[in-house]
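Questions regarding the structure given below will be posed in turn.
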Number of protein chains: 2
Amino acid sequence: MPGKGDECAREVLDVVPTVMRFIRTEMRSHRALELSVPQFRSLVIIERAEGTSLAGVAAHLGLTPPSACKLIDGLAGRGMVTRKESSGDRRRVTLEITAQGAQALASARKASQKSLSRLLGALDAEELSRVTRAMSALRRVFEGRS
Amino acid sequence: MPGKGDECAREVLDVVPTVMRFIRTEMRSHRALELSVPQFRSLVIIERAEGTSLAGVAAHLGLTPPSACKLIDGLAGRGMVTRKESSGDRRRVTLEITAQGAQALASARKASQKSLSRLLGALDAEELSRVTRAMSALRRVFEGRS
DNA sequence: CCAGTAATATTAGATTATCTAATGATTAGA
DNA sequence: TCTAATCATTAGATAATCTAATATTACTGG
């Protein structure tokens, strides 16, 4: 018997990579900002949870610690993030976003939302609301499972 | 003024990479099939449009020709796709999926849909239908723009 | 017909993302 | 205290992606 989510699964499998590619291309297209999607997401996390650790970033993004480490290397090398000692636990690294990082994040976020928003503007109000609520449902289902 | 798609854009930007990561991890987790998402998508295209060219794959996936070329290299090296001469245009390459490729595709598709479907099963019928229709809307909006 | 332009695929070379395995340092617990 | 677990990193591999450069083949306007 086909599960009740089968048709939906097929759609998700087809559409999500397409939208993802758009987002990736979009992010890279902004000269001088040039954040990759994982870099962008890292900055979002670090800004929101100031003082998070490398393990924190890895967990939120669903990455292994070495992957997160290299990702942060890249951001630190561009002066967008700093690593500090954690008081109390000297194994741990405390991550903080720099002014420059915060600015890059704000610009990238604005530009990406704008260009996504422009495309989504082709939908009528009902569809738009449906998409928004569908995204919430997907977030509930997928977050933590990456 | 904020565009009418702004909130939706924010959601998409947050949720799509999360779902994408799940799909990627899921695809790689099936030993012996081990198709990456781009490989999977290439096979889908080649199976559907038998005899397509390298440029055809590139266009459908939103890749540059060199990227598509390497992708096909990988699939050809694993015996899942063949390159043939095109009658009529000798620059062109005709791509065909092999029996082995078709079998790998079928298995990967089945496994991925199953595991996606299992997660999506947590949604109630109304939400599921909303997500399905939202995916259709997104496909309309994004396809071609990658 | 032929000279130049366009199209198709590829190679070369770079960057980034991701993994697993191994290492180092520090903390926590029996 | 000594052993375990935890946190970050380094090392090394593979894959996806890009741009630029290079054939090869087809098309087109004089």
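Order of the sequence lines sets the chain letters (A, B, ...), proteins ahead of strands, with each chain counted from 1.
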Using only side-chain N and O atoms of A/Arg24, determine if any of them is under 4.0 Å from OP1 or OP2 of D/dC18.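 Answer no for this pair, as no side-chain N or O of A/Arg24 is under 4.0 Å from OP1 or OP2.
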Counting the atoms with a prime plus P, OP1 and OP2 as sugar-phosphate, which does B/Gly56 contact under 4.0 Å by heavy atoms, base, sugar-phosphate, or nothing? nothing
Backbone of A/Ala9 reached by a side-chain donor or acceptor of B/Ser117 within 3.5 Å: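 Flag not set: sc B/Ser117 to bb A/Ala9 has no pair under 3.5 Å.
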Keeping the roles fixed (side chain from B/Glu127, backbone from B/Asp124), state whether a donor-acceptor pair exists under 3.5 Å.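 Flag set: sc B/Glu127 to bb B/Asp124 pair under 3.5 Å.
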Whole-Å gap separating C1' (C/dA17) and CE (B/Met20): 13 Å
Rounded interatomic separation in angstrom, taking CD from A/Glu85 and C1' from C/dA25: 13 Å
So which nucleotide from D/dA8, D/dA15, D/dA16 ends up closest to the side chain of A/Arg92? D/dA8
Main-chain N/O of B/Glu143 paired to A/Thr18 side chain as donor or acceptor, under 3.5 Å: no
When the C1' atoms of the five terminal pairs at each end define the local axes, what inter-axis angle does the helix from C/dC1-D/dG30 to C/dT26-D/dA5 show, to 10 degrees? 10°
In whole angstrom, what separates B/Leu61's CG from D/dT17's P?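 In whole Å, D/dT17 P lies 8 Å from B/Leu61 CG.
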Between D/dC18, C/dT16, D/dA8, which one does the side chain of B/Leu63 approach most closely?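 The answer is D/dC18, which lies nearest to the side chain.
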Within the distance-only criterion (no hydrogens, no angle test), does the side chain of B/Thr132 pair as donor or acceptor with the backbone N or O of B/Leu128 below 3.5 angstrom? yes
Tell whether A/Arg91 reaches the base of D/dT6 with its side chain through a donor-acceptor pair below 3.5 angstrom.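 Answer is yes: a donor-acceptor pair is held.
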Please collect all salt bridge (Lys or Arg N to Asp or Glu O under 4.0 Å) contacts where either partner lies in residues 93-113 of chain A, sequence neighbours excluded, each pair once. A/Glu47-A/Arg109, A/Lys84-A/Glu96
Along DNA chain C (nearest heavy atom to each residue), the more 5'-positioned of A/Arg90 and A/Ala68: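 In this pair, the answer is A/Ala68.
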Syn versus anti for C/dA22, judged by chi lying within 90° of 0?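 Anti conformation here, the glycosidic angle of C/dA22 being more than 90° from 0.
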For B/Arg83 and B/Asp73: C-alpha separation, side-chain torsions, deciding distance, then whether salt bridge (charged side-chain N to carboxylate O under 4.0 Å, His left out) applies. CA-CA 10 Å; B/Arg83 284 170 161 111; B/Asp73 279 351; 2.8 Å; yes
Per A/Ser67 side chain, nearest of listed nucleotides C/dC19, C/dA9, D/dT17: C/dC19
Roughly how many Å is it from CD in A/Gln39 to P in C/dT15, rounded to a whole number? 14 Å
Could you check how far CE of A/Met80 sits from P of C/dT16, rounded to whole Å? 12 Å
Shortest non-hydrogen contact from B/Leu35 to B/Ala108? CD1-CB, 3.8 Å
So, OP1 or OP2 of C/dA17: does either fall under 4.0 Å of a side-chain N or O from A/Ser36?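 Checking A/Ser36 against C/dA17: at least one side-chain N or O falls below 4.0 Å of OP1 or OP2.
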Specify the separation, in whole Å, of atom CE of B/Met27 and atom P of C/dT18.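 Interatomic distance, CE of B/Met27 to P of C/dT18: 17 Å.
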Pairs under 3.5 Å (N/O, protein and nucleotides 9-11 of chain D):
from	atom 1	to	atom 2	distance (Å)
D/dT9	OP1	A/Arg83	NE	2.9
D/dT9	OP2	A/Arg83	NH2	3.2

Are B/Glu26 and B/Ser115 close enough that a side-chain donor and a side-chain acceptor fall under 3.5 Å? yes
Between CD1 of B/Ile97 and CZ of B/Arg48, what distance do you get to the nearest 0.5 Å? 12.0 Å
Could you check A/Val15, A/Val12, A/Leu13 and say which one makes a side-chain contact (heavy atoms from CB on, under 4.5 Å) with B/Val19? A/Val12
Starting from the 5' end of DNA chain C, give me the residue, A/Asp89 or A/Leu71, whose nearest nucleotide shows up first.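 Closer to the 5' end of DNA chain C: A/Leu71.
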Identify which nucleotide among D/dT17, C/dA17, D/dT19 has an atom closest to any side-chain atom of A/Arg21, counting heavy atoms from C-beta outward.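 From the listed options, D/dT17 comes nearest.
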